[in-house]
Protein chains: 2
Amino acid sequence: MAANSRLTIAVHALAWLALAHRRGRPVLTSDEVAASININPVIVRRSLGDLRRASLVEVRHGTGAGWSLGREPSAITLSDVYDAVEGPPLFALHHTEPNLECPVGYGIRPALTGIYGDVESSLRAELARTSIADVLHRSLEAP
Amino acid sequence: MAANSRLTIAVHALAWLALAHRRGRPVLTSDEVAASININPVIVRRSLGDLRRASLVEVRHGTGAGWSLGREPSAITLSDVYDAVEGPPLFALHHTEPNLECPVGYGIRPALTGIYGDVESSLRAELARTSIADVLHRSLEAP
DNA sequence: CTCGCTGTAACCGAAGCTGTTACAGCGAGG
DNA sequence: CCTCGCTGTAACAGCTTCGGTTACAGCGAG
């Protein structure tokens, strides 16, 4: 599958919101976020909409509308972001049912389900080791 | 992203080859493998071709042709299979270059490259904990 | 030389993602 | 109550990938 840039977009938006907040601009419009990522504002709204459903950001309507972080940048991990924006599981089982007459075909799906579950847990654990504050810090110290 | 079933197909084929070998049938044709997975033989040949390039299976031509395991089932881990069949990286960076005037846009790509590299390493390490022999064992003990 | 199987190219339809346009909805401020 | 700016979402286009299928050249044991 074409690798997905959803996590990148969402993390970029959150890091930018975190920096703006630190600079005294706690609320940004989707146009302002889109200008940093250099993409269409609608894509930003779709991504931030996912993050809002997970309470990672808050939105304000009416005059002076825009987006702000839902909690401290150090309290938002990449695992939270991954869960908010990433849809289907990492690995899929067979599209068509295997031949159940074959012992492997019969038993492999529950076996792989368990293994794939462990792998996804490990993936989340690794993502949880990094927060938005970490990403912002590493971005700002780039050469 | 639409989840990929390539890993599932390849692992199923290898587990089936391992069981057939144990039963005294060390060489199987792509039609025989496809019959267990219940998919088209061409897809099996494509998948086994990837595995052959990684020396995980061997192929024989001419009369009595077919596929056999390249080494012991306990010496083939899911990480080996993942590397053999899975193409692009898990997460993509931005499709278009971020705004380099913005400090986040300037530094986020190297930051994410490092983080994503760590996550993929962790994924491989978790996959490496399971071998084809393990998958076969877990499949055969299914209820 | 024959025959069965491999290896690969070409193509199809379905699905997903990015990107764009368009428009209804909301609410603070006048 | 109206205006105005921004959000939220639907609809659509273009691209890519994937699974699936057909077709055919290549190989080698017998």
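Letters A, B, ... are given to chains in the order of the sequence lines, protein chains preceding strands, and every chain is numbered from 1.
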Rounded distance in Å - [atom1] ([X]) to [atom2] ([N]):
| X | N | atom1 | atom2 | result |
| --- | --- | --- | --- | --- |
| A:W67 | D:dC6 | CH2 | P | 14 Å |
| B:H95 | D:dG14 | NE2 | P | 18 Å |
| B:H94 | C:dC17 | NE2 | P | 18 Å |
| B:L90 | C:dC17 | CG | P | 14 Å |
| A:I9 | C:dT18 | CD1 | P | 7 Å |
| A:N4 | C:dG19 | CG | P | 12 Å |
| B:F91 | C:dT18 | CZ | P | 13 Å |
| B:E58 | C:dC5 | CD | C1' | 17 Å |

On DNA chain D, compare the nucleotides closest to A:L28 and A:T63; which residue's is nearer the 5' end?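 By nearest-heavy-atom nucleotide position, the 5'-most residue is A:T63.
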Short question: side chain of [X], backbone of [Y] - any donor-acceptor pair under 3.5 Å?
| X | Y | result |
| --- | --- | --- |
| A:N99 | B:N38 | no |
| B:S68 | B:V57 | no |
| A:E58 | A:R52 | no |

Pick the nucleotide of DNA chain C nearest each of B:R53 and A:G64; which residue has the one closer to the 5' end?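 Result: B:R53.
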Between [X] and [Y], a side-chain donor and acceptor under 3.5 Å:
| X | Y | value |
| --- | --- | --- |
| B:N4 | B:E86 | yes |
| B:S5 | A:H94 | no |
| A:D50 | A:S47 | no |
| A:S131 | A:D134 | yes |
| B:D80 | B:T77 | yes |

Under 4.0 angstrom between [X] side-chain N/O and [N] OP1 or OP2:
| X | N | result |
| --- | --- | --- |
| B:S5 | D:dG19 | yes |
| A:R52 | D:dT7 | no |
| B:H61 | C:dG7 | yes |
| A:R6 | C:dC17 | yes |

If a stem is a run of at least 3 consecutive Watson-Crick or G-U pairs, both distances under 3.5 Å, which stems include DNA chain D?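 When the pairs of DNA chain D are grouped into runs of at least three, the stems are C:1-30 with D:1-30.
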DNA chain C contacts among residues 30-49 of chain B, heavy-atom distance under 4.0 Å: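 Within residues 30-49 of chain B, the residues near DNA chain C are B:S30, B:V42, B:R45, B:R46.
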Could you name each residue pair satisfying ring-ring contact (aromatic ring centres under 6.0 Å, His included) that touches residues 114-143 of chain B, not counting sequence neighbours?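 For residues 114-143 of chain B: B:F91-B:Y116.
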